[in-house]
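Letters A, B, ... mirror the listed sequences (proteins, then strands); counts begin at 1.
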Amino acid sequence: MSNEVKEARLDAIRQEAARAGKVSAAGVRAAGAPIPQTGERSGYYGLPLLKQPVWTWEIPLYFFVGGVAGVSAVTAFFADMIGSHLSLVRAALWLAVIGGVISPVLLISDLGRPKRFLAMLRVFKWQSPMSIGVWTLAGFTPAVVVAAVVFEFIQTGNHIPFLLILKFLSEGVACLFGAILVTYTGVLLGATVIPVWSENRKLLPPHFAASALGSAAAILELLGFLIPATYILGLVAAAVETLVGILIEIRKREVDRPLRQGKTGRTIRAGGMLSGPVSLAVRIVWGYSSVGRLIAASSFIVGALITRYAWLWAGRVSASDPTYLFQLQRK
Amino acid sequence: MKTTAFFTDPTLCIGCKACEVACKEWNEIPEDGLEWRGHSYDNTGHLGASTWRHVLFVEQNQPLAQQVTVGQEPFRWVMLSDVCKHCEVAGCLEACPTGSIVRTEFGGVYVQPDICNGCGYCVVACPFGVIDRRQFDGRAFKCTFCYDRQRADLTPACAKACPTESIRFGELDDLREKANRRIAELEQRGYHEAAIYDAQNTSVGGVHALFLILGEPETYNLPPAPEAPTAFLKSAWASALISAVAFIALVGLVFFF
């Protein structure tokens, strides 16, 4: 081959590379092809624009534990108002206490500078969901501890009016703060720039609430409270989780891809199935027997835990691909 | 105190990275990676906890104004120094639960390193992907707008070091005016796609680091329509309130019947 022909061939290869970002021809192997481009669609060589969430395993676990604690406090309040489910009230209160004590430990552990955790209580900012969450937890845990301790004290025979009022008040405060604890985590994720979270900001609070509701009911069932109350709560929670899953699937939005595709998609679906249709079906078909209920309960708990982690991982995926943000904003 | 700002003009940038070096030196920022990504001469990749000035190298098969690339396809090489935008409505500032991130008297957004406990919420609240948590330190860091230098009536290190005055520092209104004049001037010289990236018509409400960009914002890894996440609070909290009421009502119903 003459030099001119070789040069012409080289030019042709360069032009194809410039045009298509890669070269496909026998004997030509361009390392790193397709070559990243800059532009409206690919952004800056496809490099991420947003930063990924820095949170680690403690945070999804906190979502789960805090949610269960919050629902337990609400359950304890209403069960105690009825006055007949004393052992249930005890279980719910102590479940809330355990959750209320573990939650701050998890949160503090995740901090970059854990020893500075008190800095969270320097200010209160309405516009920061994390500030609201921190103060809610700071009010929830003492309230639920007081409620549990006073409850036990009353059970030993001291039916002093002051103690009864104190119990009612602390249970009430724990109930209110517990309700916030359960739902604010959806706002925490929703009020961020991560596309898959912010575009689901209306879905996340009810999703997490249902997840917490079902988890708390399931734990109570596993503790032996196979009563109509826990059955109905478990049923409704599984139904809501099923609906959430269906909604995500049928909407087919580009921004929800991390929820439907890849490792994160499979994980979300696995979690959603276990806490949704599987738990629901087992509860309906086999719920008359305690074994069936316990299986439905266990399935829900596992699914709820998986779901929490999956949402964090989906957030990471969503942040790492700039095209999600471009598609969202370039309307 | 007047509001100060940056105006970064890529039509003057020569890609020398003096801004990156000056910033690192003045602020004693640790080294954060000696990778060679292969994206032109960009060796920082993006802003982060230890990169507060990041020079982008944008190679495109488009002509630069009226320039002609001899014998080849049209080509241009645009360099731009990226920095924290110091937003008017700063997502990081609003999200910070410790009150570590504050607004300085110069209008910049500043992270107080002695308060930050590294919760990481600012990281997911920045619509530009600027702030990040530093790995072995634990706290969040970003451009301080050389707060210490400004308090001593000095120019920020990057603007001081820039040899072509591609990075200019001054009063915000003054620089906005200069930016618009520059656009008009470039228009006359044949740059028909020059624009000022200012985000004034979004919930960010404008930035204190103006960028002159040639072409679309995405090319420079800038979001076309940035939103401070506080804009999402209302709908999110509404949903949370409804969910909370609904599940309390459900539990109440279940126990009372």
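- Donor-acceptor pairing under 3.5 Å is lacking for the side chains of A:Arg41 and A:Thr323.
- Scanning all heavy atoms of the two residues, the minimum distance from B:Cys13 to B:Leu80 falls at SG-N, 4.4 Å.
- The candidate from A:Ile232, A:Asn200, A:Thr75 with the greatest count of non-hydrogen atom pairs under 4.5 Å with chain B is A:Thr75.
- Judged by distance alone, the side chains of A:Ser318 and A:Trp197 never bring a donor and an acceptor atom under 3.5 Å apart.
- Within the 4.5 angstrom heavy-atom criterion, only side-chain atoms of A:Leu325, from C-beta onward, approach chain B.
- Side-chain atoms of B:Thr104 come within 3.5 Å of backbone N or O of B:Gly108 as a donor-acceptor pair.
- Your options are A:Ala210, A:Ser131, A:Gly43, and the one with the most heavy-atom pairs under 4.5 Å with chain B is A:Gly43.
- Top candidate by heavy-atom pairs under 4.5 Å with chain A, chosen from B:Ser100, B:Ala228, B:Pro223, B:Ala238, is B:Pro223.
- The greatest number of non-hydrogen atom pairs below 4.5 Å with chain A, out of B:Ser40, B:Gly45, B:Ala140, B:Pro127, is found for B:Pro127.
- No part of B:Leu253 comes within reach of chain A, as not one of its non-hydrogen atoms sits under 4.5 angstrom from that chain.
- A donor-acceptor distance shorter than 3.5 angstrom exists from the side chain of B:Asn221 to the backbone of A:Pro48, with no hydrogens or angles considered.
- Interface residue A:Val182: only side-chain heavy atoms are found under 4.5 Å from chain B.
- In summary, the side chains of B:Glu20 and B:Thr44 do present a donor paired with an acceptor at a separation below 3.5 Å, with no hydrogens or angles considered.
- Proximity to chain B (any heavy atom under 4.5 Å) is restricted, for A:Val236, to the side chain, taken from C-beta onward.
- If you measure heavy-atom distances from A:Leu88 to chain B, the contacts under 4.5 Å come from the side chain alone.
- If you tally non-hydrogen atom pairs under 4.5 Å between each of B:Ala125, B:Cys119, B:Ala95, B:Gly38 and chain A, the highest count goes to B:Cys119.
- Put simply, of A:Thr38, A:Val123, A:Val240, the one with the most heavy-atom pairs under 4.5 Å next to chain B is A:Thr38.
- Looking at A:Lys202, both its backbone and its side chain come within 4.5 Å of chain B, counting heavy atoms on both sides.
- Interface remark: B:Ile242 contributes no atoms to any contact with chain A (heavy atom separation under 4.5 Å).
- Side chain to side chain, B:Asn43 and B:Lys17 meet the donor-acceptor criterion of an N or O pair below 3.5 Å.
- Contact annotation for A:Ile132: only side-chain heavy atoms (C-beta onward) come within less than 4.5 Å of a heavy atom of chain B.
- A donor-acceptor pair shorter than 3.5 Å cannot be found between the side chains of B:Thr98 and A:Arg122.
- Both the backbone and the side chain of A:Leu47 come within contact range of chain B, each with at least one heavy atom under 4.5 Å from a heavy atom of that chain.
- Put simply, of A:Gly178, A:Ala237, A:Gly112, A:Gly315, the one with the most heavy-atom pairs under 4.5 Å next to chain B is A:Gly112.
- Using a 30° and 60° split on the angle between ring planes, A:Trp135 and A:Phe124 fall in the perpendicular class, above 60°.
- Within the 3.5 Å criterion, the main-chain N or O of B:Val207 finds a donor-acceptor partner in the side chain of B:Asp198.
- For B:Asp42 and A:Tyr44, the side-chain atoms include at least one donor-acceptor pair closer than 3.5 Å.
- Of the listed residues B:Val130, B:Leu222, B:Asp137, B:Leu241, the one with more heavy-atom pairs under 4.5 angstrom with chain A than any other is B:Asp137.
- Proximity to chain B is absent for every atom of A:Phe208, based on heavy atoms less than 4.5 angstrom apart.
- Between B:Phe6 and B:Phe145, the ring-plane angle classifies as tilted under the 30° and 60° cut-offs.
- With no hydrogens or angles considered, no side-chain donor-acceptor pair links B:Asp9 and B:Ser166 at under 3.5 Å.
- No hydrogens or angles considered: nothing links the side chains of B:Ser239 and A:Arg201 as a donor-acceptor pair under 3.5 Å.
- Both the backbone and the side chain of B:Cys96 come within contact range of chain A, judged by heavy atoms closer than 4.5 Å.
- Contact annotation for A:Gln52: only backbone heavy atoms (N, CA, C, O) come within less than 4.5 Å of a heavy atom of chain B.
- Each of A:Ile180, A:Leu188, A:Ile108 has some count of heavy-atom pairs under 4.5 Å with chain B, and the biggest count is that of A:Leu188.
- Taking chain A as the reference chain and counting heavy-atom pairs below 4.5 Å, the highest number among B:Gly138, B:Gly48, B:Ala225 is found for B:Ala225.
- Chain A forms the most heavy-atom pairs under 4.5 Å with one residue out of B:Gln60, B:Gln62, B:Arg134, and that residue is B:Gln60.
- At a 4.5 Å heavy-atom cutoff, the contact between A:Leu213 and chain B is made by side-chain atoms alone.
- Using a 4.5 Å cut-off between heavy atoms, B:Val245 does not touch chain A at all.
- Between the side chain of A:Thr230 and the backbone N or O of A:Phe225, at least one donor-acceptor pair lies under 3.5 Å.
- With a threshold of 4.5 angstrom between heavy atoms, B:Tyr121 approaches chain A through its backbone and through its side chain.
- Looking at B:Glu227, only its backbone comes within 4.5 Å of chain A, counting heavy atoms on both sides.
- Only the side chain of B:Thr230 comes within less than 4.5 Å of a heavy atom in chain A; its backbone stays farther off.
- Between B:Arg76 and B:Glu59 no salt bridge is recorded (no basic side-chain N to carboxylate O distance below 4.0 Å).
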